[in-house]
Amino acid sequence: MTTWNSAPYPPPDPYGGQQGYPPQQPYPGAGYPNAPPAYPAGGPGGYAQPGQPPYGQQPYGGQQPYGQPGGGGYTQPGEATRLNNMTDMYGTTYPDDPDVKGFEFNDKSIRRGFIRKVYSILMGQLLITAGMIAYFLYDKNARVFVRNNSWLMFLALAVVFVAMIALACCGEVRRKAPMNFILLGLFTLAEGFMLAVISSQYKVDAVLMAVGITAVICLALTLFAFQTKWDFTMCGGFLFICVIVLLIFGLVASIMAATGNGNRVVNLVYASLGALLFSIYLIYDTQLMMGGKHKYSISPEEYIFAALNLYVDIINIFIYVLTIIGAAKD
């Protein structure tokens, strides 16, 4: 008869292991006294880690997690309130400024301030230009002085060219004060001087009529640009081609006039096409300044460039309208 060993089997593993085997390392919370469950109940987003509160509880003094459940981690006390008060602008977030009250930091408010700044600069340019035109119209001595010193026109043309290139092609220059204001002021003075000399070649009533017609056209086109649903900002390439064609047409008309083959009809057609083209350009530049629903827009930092564009459009419309009136009277 076989006699079994009376020695007892190894005692049960106090940590939950099987009899006769070496003790196994239990899973977290699987057998320790007073330990939390290994997988505490929680909502969507996974199981809680040992030693961390289960999902769904409010850590850090009762603050809710930032963002959607399970998506952004936990925030420090008071952090969620501050983040919720941050205003999104250009796809990013900006912290609150406790020193600014009653002002909303968003794209619409910034765009309105940008438009006000552009039109303020533009009104200053137009007032300077109108004052110089009026001075040359009513002061005979000024007209005689310029006629006897034609080099002033060439100097003004050089200043206009240099300032235009600097403001149009050098982004850092036109965004850096006070250099941008200095260049814009020089451009306005030189352009106003040239426009005043040109206007002095016409009668006063013709110039006043051109000023009135230009003011009505610009006001109507500006209101149209603000109200219309048509997006003219996508026509930049087409308008540039039209400018090149108009320039070639103007050179041919000038050569014909110099050789004695020019006539009034050619001048009227050229001036009419120029007025039409820069009227469309005025709508185009206005919508670029407005931004918003339009495809392309100018940055709020480019207020000098926007004012320069509108000023050039308006004075070109004035020159072509004056040419039409002068050709019609002749």
Side-chain angles (χ1 to χ4, degrees), residues 107 111 114-115 118-119 121-122 125-126 157 160-161 163-171 173-175 184 187 191 194-195 198 210 213-257 262 265-325 327:
D107 181 66
R111 183 64 60 174
F114 167 68
I115 293 173
V118 170
Y119 277 113
I121 297 173
L122 179 62
Q125 292 178 280
L126 294 177
L157 183 62
V160 166
F161 182 76
M164 174 72 81
I165 295 298
L167 291 173
C169 301
C170 303
V173 173
R174 67 172 179 259
R175 287 192 293 266
L184 186 65
F187 175 83
E191 189 69 41
M194 294 176 60
L195 199 59
I198 294 172
I213 294 174
T214 303
V216 172
I217 291 175
C218 294
L219 179 60
L221 293 177
T222 301
L223 294 177
F224 174 77
F226 273 89
Q227 298 296 327
T228 184
K229 296 181 179 179
W230 295 350
D231 189 0
F232 285 82
T233 62
M234 297 183 294
C235 303
F238 173 74
L239 294 176
F240 179 74
I241 295 173
C242 292
V243 167
I244 299 299
V245 174
L246 183 68
L247 178 62
I248 296 174
F249 185 16
L251 290 176
V252 173
S254 299
I255 294 173
M256 292 176 60
V265 176
V266 175
N267 292 334
L268 283 173
V269 172
Y270 170 71
S272 300
L273 292 177
L276 176 62
L277 176 59
F278 281 97
S279 296
I280 301 175
Y281 252 116
L282 181 61
I283 301 175
Y284 169 79
D285 290 327
T286 302
Q287 289 189 346
L288 282 179
M289 177 191 62
M290 290 168 54
K293 60 183 179 181
H294 304 103
K295 185 175 181 180
Y296 300 104
S297 61
I298 297 179
S299 169
E301 298 179 355
E302 300 286 357
Y303 51 90
I304 294 293
F305 186 61
L308 176 67
N309 290 338
L310 295 177
Y311 177 73
V312 170
D313 296 337
I314 293 172
I315 63 174
N316 275 285
I317 293 173
F318 171 75
I319 291 174
Y320 287 118
V321 170
L322 185 61
T323 303
I324 293 172
I325 294 174

Test side chain to side chain contact (heavy atoms under 4.5 Å, CB included) applied to V269 and N267, V265, V266, the passing residue: V265

Heavy-atom check, side chain of N309 versus side chain of M289, under 4.5 Å: no

Between CG on residue D313 and CG on residue L221, distance to nearest 0.5 Å: 10.0 Å

Enter the distance from I217:CD1 to I314:CD1 here, rounded to the nearest 0.5 Å. 11.5 Å

Would a 4.5 Å heavy-atom cut-off, applied to side chains only, mark C235 and I280 as touching? no

Please report the shortest heavy-atom distance between A225 and I283, naming the atom on each side. CB-CG2, 3.9 Å

Could you check whether Y270 and F249 have their ring centres less than 6.0 Å apart? yes

Report the distance from atom CG of N316 to atom OG of S279, rounding to the nearest 0.5 Å. 10.0 Å

Here the pair of heavy atoms bringing A166 nearest to V173 is O-CB, 4.3 Å

Over 60° means perpendicular and under 30° means parallel, so tell me whether Y281 and Y284 are parallel, tilted or perpendicular. perpendicular

Rounding to 0.5 Å, atoms CZ (F224) and OG1 (T286) come to a distance of 11.0 Å

Under a 4.5 Å cut-off applied to non-hydrogen side-chain atoms, are I304 and R175 in contact? no

When you compare the side chain of Q287 with that of W230, does any pair of heavy atoms fall below 4.5 Å? no

What's the spacing between L288 CG and T233 OG1 if we round to 0.5 Å? 6.0 Å

Under 3.5 Å, is there a donor-acceptor pair between the side chain of R174 and the main chain of E302? no

How are the rings of Y311 and F187 set relative to one another: parallel (under 30°), tilted (30 to 60°) or perpendicular (over 60°)? perpendicular

I need the minimum non-hydrogen distance between L268 and A327, along with the two atoms involved. CD2-CB, 3.6 Å

Using a 4.5 Å cut-off on heavy atoms from C-beta on, say whether the side chain of Y119 contacts that of T222. yes

Would you give the length of the straight line joining atom CD1 of I241 to atom CD1 of I244, rounded to the nearest 0.5 angstrom? 9.0 Å

Smallest heavy-atom separation, A271 atom then Y320 atom, equals O-CB, 3.5 Å

Flag the pair F318 / L126 as yes when at least one side-chain heavy-atom distance between them is below 4.5 Å, and no otherwise. no

With a 4.5 Å limit on heavy-atom distance, are the side chains of M164 and V312 in contact? yes

Residues, nucleotides or ligands: over 12 heavy atoms within 6.0 Å of F226 CZ: yes

